[in-house]
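Quick notes on the structure that follows.
Proteins come first, then strands; the chains are lettered A, B, ... in the order of their sequence lines, and each starts at number 1. All values below were derived from every heavy atom in this structure, side-chain atoms included, with hydrogens, water molecules and symmetry-related copies excluded.
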There are 2 protein chains.
Amino acid sequence: MLRLSKKADYALMAMKHLAEKGGASSTSAREIAEQYDIPIELMAKVLQRLVRAGLLVSTQGTRGGYMLSRASEAISLAAVIEAIDGPFTVTACSTEKHDCEQYGKCSIRFPLWRIRERIAAALGTVTIAEMAAEQVAVAAPVAHAAVVRR
Amino acid sequence: MLRLSKKADYALMAMKHLAEKGGASSTSAREIAEQYDIPIELMAKVLQRLVRAGLLVSTQGTRGGYMLSRASEAISLAAVIEAIDGPFTVTACSTEKHDCEQYGKCSIRFPLWRIRERIAAALGTVTIAEMAAEQVAVAAPVAHAAVVRR
DNA sequence: CTATATCCGACCGTGATTGTCCGAGTTTAT
DNA sequence: ATAAACTCGGACAATCACGGTCGGATATAG
Ligand code: SF4
Ligand code: SF4
């Protein structure tokens with residue numbers, strides 16, 4: 001259904017939270033989890049993945065916690081989502097693995113491929129900083145495309 | 001992971017097939033299914049849903065089959081996908097149903113909402129006809145959006 | 001009437017997703 | 001040194017959506 005996973009949702013919340021906190025202070029997993037009513041353990045796991053993806057840095061021990069690894073302006077939504085859910089593929093025939101029965105006969109994948117690029121672009125141009133700022137203005141290239149469906 | 005279901009994939013294939021066949025002749029579910037190695041029964045179910053959504057018309061009895069209800073130019077990908085997978089929601093808090101634990105505390109859903117609009121636009125501006133024509137050129141308003149990610 | 005086709009709903013197996021638990025390693029405060 | 005607080009990492013169970021299947025009803029052409 002084209003929906004992003006809840007873990008990704010949590011990840012975005014955490015990233016935004018950390019972005020707002022800003023600079024030097026590290027925030028514990030528990031603090032974030034409690035603030036948003038997320039199971040602590042799950043949040044920890046999500047944060048760990050973000051660390052492994054290089055989006056966060058963690059400090060251990062008492063008063064330890066997580067911090068953004070780079071400026072929030074330099075982190076796109078796409079990066080966060082891919083860190084959690086893996087490289088997102090619109091179709092089963094992603095970039096390489098064409099593990100699809102009807103790969104040969106399929107005439108769909110070509111135009112569908114373009115769609116993927118667009119979505120990737122949409123996710124890649126929005127940064128955590130923009131989200132945190134709660135800016136309503138969208139200075140993105142895809143902005144004016146009206147919803148035509150139905 | 002932001003992936004569309006296989007049923008939707010099948011639906012798009014079928015729609016494209018019907019669009020190529022064009023006008024008056026109706027095509028049986030079996031014909032399409034065999035051509036693309038899709039389980040007949042599944043294909044039938046998919047087609048039925050498309051009928052209920054008003055995208056196809058079906059004629060029963062021997063020599064029956066399916067036909068497009070309108071010109072292929074007037075059918076967007078979004079329409080097909082929504083007919084199969086239901087209204088697509090990027091987050092669990094779709095347009096109305098906010099069945100999400102942390103709806104109140106969540107500060108994510110607002111910017112995330114815009115993302116959904118963009119994806120909807122991307123899917124809404126591409127028609128079955130464009131897919132069928134296998135045109136590489138995209139004459140859609142969203143066209144120039146370059147891939148910026150990474 | 002008979003054969004062929006769509007239609008419709010119900011059903012199940014599998015695999016991904018969500019959420020939980022526990023043990024181990026690390027750092028800091030006392 | 002000891003204890004406390006925290007992260008790390010994987011393993012595990014419950015849940016649920018999805019892909020695929022089956023059987024019966026119905027309508028049409030011949
Ligand atoms: S059906 Fe076509 S588009 Fe869909 S996954 Fe298979 S090859 Fe890709
Ligand atoms: S309310 Fe926030 S957390 Fe819940 S689904 Fe919407 S965006 Fe995700």
Inset, instruction - Output the single nucleotide from D:dG19, C:dT27, C:dT20 whose closest atom is nearest the side chain of A:Gln60. - result: C:dT27
Inset, instruction - Find out whether the Lys NZ or Arg CZ of A:Arg3 is both under 6.0 angstrom from the six-membered ring centre of B:Phe88 and within 45° of the ring's axis. - result: no
Legend entry - Residues that A:Arg63 engages under side-chain contact (heavy atoms from CB on, under 4.5 Å), provided they are two or more places apart: none
Inset, instruction - Could you tell me the separation between the CD atom of A:Gln48 and the P atom of D:dG10, rounded to a whole number of Å? - result: 9 Å
Legend entry - Value in whole Å for how far the C1' atom of C:dC8 lies from CG of B:Leu47: 14 Å
Inset, instruction - Quickly work out the B:Leu42 CG to C:dG9 P distance and round it to whole Å. - result: 17 Å
Name the atoms and distances for all side-chain donor-acceptor pairs under 3.5 Å in residues 31-39 of chain A, with sequence neighbours left out.
unit_1, atom_1, unit_2, atom_2, d
A:Glu31, OE2, A:Lys21, NZ, 3.1
A:Tyr36, OH, A:His17, ND1, 3.2
A:Asp37, OD2, B:Lys105, NZ, 2.3

Legend entry - Residues, nucleotides or ligands: over 12 heavy atoms within 6.0 Å of B:Arg30 CZ: no
Inset, instruction - Check each residue of residues 25-41 of chain A for a non-hydrogen atom within less than 4.0 Å of any atom in DNA chain C, then write out the ones that pass by number, or none. - result: A:Pro39, A:Glu41
Inset, instruction - May I ask you to decide whether A:Lys45 forms a salt bridge with A:Glu41, counting only side-chain N to carboxylate O separations under 4.0 Å? - result: no
Inset, instruction - Would you kindly compare A:Thr62 and A:Arg49 by the position of their nearest DNA chain C nucleotide and give the one closer to the 5′ end? - result: A:Arg49
Legend entry - Phosphate OP1/OP2 of D:dC6: any A:Arg63 side-chain N/O under 4.0 Å: no
Inset, instruction - Identify which nucleotide among C:dT18, D:dA29, D:dT26 has an atom closest to any side-chain atom of A:Lys6, counting heavy atoms from C-beta outward. - result: C:dT18
Inset, instruction - Using a cut-off of strictly less than 4.0 Å, decide whether A:Tyr10 has a side-chain nitrogen or oxygen near OP1 or OP2 of C:dT18. - result: no
Inset, instruction - Round to the nearest Å and state the distance from A:Met43 atom CE to D:dT7 atom C1'. - result: 15 Å
Inset, instruction - Take the protein atom NZ of A:Lys7 and the nucleotide atom P of D:dC16, then report the distance between them rounded to whole Å. - result: 16 Å
Legend entry - Rounded interatomic separation in angstrom, taking CZ from A:Arg3 and C1' from C:dT18: 14 Å
Legend entry - Whole angstrom value for the distance that separates P of C:dT17 from CG of A:Asp85: 7 Å
Inset, instruction - Hey, could you give me the OG1/CE distance between B:Thr127 and B:Met15, rounded to the nearest 0.5 Å? - result: 10.5 Å
Inset, instruction - Measure from the side-chain heavy atoms of B:Lys45 and tell me the nearest of C:dT18, C:dA10, D:dT26. - result: C:dA10
Legend entry - Flag, side chain of B:Arg118 to backbone of A:Ile119, donor-acceptor distance under 3.5 Å: no
